[in-house]
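What follows is one structure encoded as structure tokens, with my remarks underneath.
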Amino acid sequence: MVEVKVPTVGESISEVQIGRWLKQQDEWVEADEDLVEIETEKASVQIPSPSAGYLRNITKQQDEFAKVGDVIAQIEAGEAPSGNGSASASAAAPSGESADDARVMPAAARLIAEHNLNPADIKATGPGGRLLKEDVLDHISGATISKVPAAAPKQPAAAPAKASEERPRTSLMTSGEHRAEEVKPLSMLRRTIAARLVEAQHNAALLTTFNEIDMEPVKELRSKYKDAFQKKHGVKLGFMSFFAKAAVEALRRFPAVNSEIRGNNIVYRHYYDIGIAIGGGKGLVVPILRNVEFMSFADVERAISDFADDAQANRLNPQDLDGGTFTISNGGIYGSLLSTPIVNPPQSGILGLHSIQDRPVAVNGEVVIRPMMYVALTYDHRVVDGREAVSFLRVIKDVLEDPARLFLEV
């Protein structure tokens, strides 16, 4: 037997959460073939098989936790099965175990025991005739539905109750079958997010200031060059690259927003690693664009696109999420009109973007309709003064309302 252990997945990470098992118990696997996904506090990682053989003795199921170095399964050497690569029940069954026992997956076996069911009564849909947990759940659900009594024949309407007769104050919605609850452990990602948000609230003096931006100039520039941009660089020209470059300009002018507190010191970073909040398959993640001051618009858009694809496929690596000197979060893509984002410690600022909406505004003494966006800067008042925060947002506004400033550095 070759042990499958939880590998070291990053500094300071000692515990992981088991994700999806990509292979079933007793299934044949090739060497280096991915067996299971594990969730760390930063990203998802796949554990490959250390050797070819049959997957045995899975000890940790999905959503359970394990320590780095824990043995979560074993690989038993044997001859590769013929055909499509799936072992038959009889070939996969360990010695002393019947083929019927081997085809019942461990999670399914637990449910069968809990509900005192007969495996022979349950339709198996897994590879090689295996009985899966989902099969048992479907069987239980079907049995529950079949027990619900048919509706009684419609009776003639009864005479209205007299005022003295009180009707019972009951409702079907108070019965158990309509008030189901599901308890699931917090994922490693959600645990980390929760801890960081609480840390930010407890340890920093957070304030938020707001402004609004007329997005018409950026929209016109983007509309004029988007086709040529995509043809040349192979990526769409979005709004985020404008805000990332504008943020670098504002951070240069107000370095306190790009700083952090370390003990009794303030550390001013003269580089600009900007985190971009992205909705991923497991929740919100913030991959880092390194040295944005040296990146072109195309570099920014390409990096964001790659990170978004990796986030959806849970392919982000821990190093993709490490560090960062400032963060941009775009709640507008979900329809948010206004919000107060929370700083990601130990950073001292976060820029919140919101929906672009056509609104009436005064321009040169006339009321016109313009595409307007509210922006918010949440900052740590321990290192950033209110004047600096307000001025920071003003720079963002000025640059976005006159994008030529990005190229002239004025």
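Side chains are part of it too, since the values below use all heavy atoms of this structure and drop only hydrogens, waters and symmetry mates.
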Report yes if some heavy atom in the side chain of Q62 is under 4.5 Å from a heavy atom in the side chain of R20; otherwise report no.
-> yes

Do the two ring centres, one from H270 and one from Y268, sit under 6.0 Å apart?
-> no

Where the side chain of N317 meets the backbone of Q319, is there a donor-acceptor pair that is under 3.5 Å apart?
-> no

If we only count heavy atoms from C-beta on, is the Q357 to L337 side-chain gap below 4.5 Å?
-> yes

Answer with yes or no after comparing the ring centroid distance for F297 and F242 against a 6.0 Å cut-off, counting only values under it.
-> yes

Between R262 and E260, is the closest basic N to carboxylate O distance under 4.0 Å?
-> yes

Could you tell me whether D70 and K67 have a side-chain N and a carboxylate O separated by less than 4.0 Å?
-> no

Please indicate whether K5 has more than 12 foreign heavy atoms, meaning atoms of other residues, nucleotides or ligands, lying under 6.0 Å from its NZ.
-> no

ring-ring contact (aromatic ring centres under 6.0 Å, His included) partners for F307, two or more places apart | none

Are side-chain heavy atoms of E37 and V45 found at a separation under 4.5 Å?
-> no

Quick one: do V248 and I274 satisfy side-chain contact (heavy atoms from CB on, under 4.5 Å)? Show the steps, please.
-> CA-CA 9 Å; V248 169; I274 297 181; 3.9 Å; yes

Quick check: does any side chain N or O of D273 sit under 3.5 Å from a backbone N or O of N291, one acting as donor and the other as acceptor?
-> yes

Name the one of R370, R359, K397 that satisfies salt bridge (charged side-chain N to carboxylate O under 4.0 Å, His left out) with E212?
-> R359

Do you know which two heavy atoms are closest between D398 and R405, and how far apart they sit?
-> O-CD, 3.5 Å

Test the R253-F392 pair against the cation-pi criterion, namely NZ or CZ under 6.0 angstrom from the six-membered ring centroid and within 45° of the ring axis.
-> no

Which is it for I18 and I38 under the side-chain contact (heavy atoms from CB on, under 4.5 Å) test, yes or no, and what are the steps along the way?
-> CA-CA 5 Å; I18 304 300; I38 58 173; 4.0 Å; yes

Taking C-beta and beyond as the side chain, do I261 and P346 meet within less than 4.5 Å on heavy atoms?
-> no

Heavy atoms only: give me the nearest S339-S336 pair and the separation to one decimal.
-> CB-OG, 4.0 Å

Check: L55 and W28 side chains under 4.5 Å, non-hydrogen atoms | no

Please list, chain by chain and in numerical order, all residues satisfying side-chain hydrogen bond (donor to acceptor under 3.5 Å, both in side chains) with R387, sequence neighbours excluded.
-> none

If you look at every heavy atom in T378 and P341, which pair is closest and at what distance?
-> OG1-O, 2.5 Å

Taking NZ, NE, NH1 and NH2 as the nitrogens, is one of them in K23 or E33 under 4.0 Å from a carboxylate oxygen of the other?
-> yes

Backbone of Q25 reached by a side-chain donor or acceptor of R56 within 3.5 Å | no

With no hydrogens and no angle check, is any side-chain donor or acceptor of E27 less than 3.5 Å from a backbone partner on Y54?
-> no

Crowding at CD, E79 (>12 non-hydrogen neighbours, <6.0 Å) = no

Any idea how Y379 and H381 line up, ring-wise: parallel (<30°), tilted (30 to 60°), or perpendicular (>60°)?
-> perpendicular

Report yes if the distance between the aromatic ring centroids of F294 and Y272 is under 6.0 Å, otherwise no.
-> no

Does Q201 use its side chain to pair, donor to acceptor, with the backbone of V198 at less than 3.5 Å?
-> no

When every non-hydrogen atom of N258 is compared with those of F326, the smallest separation belongs to OD1-CB, 4.2 Å

Is there side-chain contact between L117 and I140, with at least one heavy-atom pair below 4.5 Å?
-> yes

Using atom types as modelled and distance alone, determine if a side-chain donor or acceptor of E301 lies under 3.5 Å from a backbone N or O of G238.
-> yes

Can you find a heavy atom in the side chain of I333 that is under 4.5 Å from one in the side chain of N330?
-> yes

Candidates I72, V4, V71 - the one meeting side-chain contact (heavy atoms from CB on, under 4.5 Å) with K60 = I72

Judged by atom type as modelled, is there a donor-acceptor pair below 3.5 Å linking the side chain of K245 to the main-chain atoms of V292?
-> yes

Tightest non-hydrogen contact, residues S259 and R269, listed as O-NH2, 3.6 Å

V29 vs L35 side-chain heavy atoms within contact, under 4.5 Å = yes

Taking all atoms of both residues into account, what is the closest heavy-atom pair of F243 and V375, and its distance?
-> CE2-CG1, 4.3 Å

Are the side chain of Q17 and the backbone of D63 linked by a donor-acceptor contact shorter than 3.5 Å?
-> yes

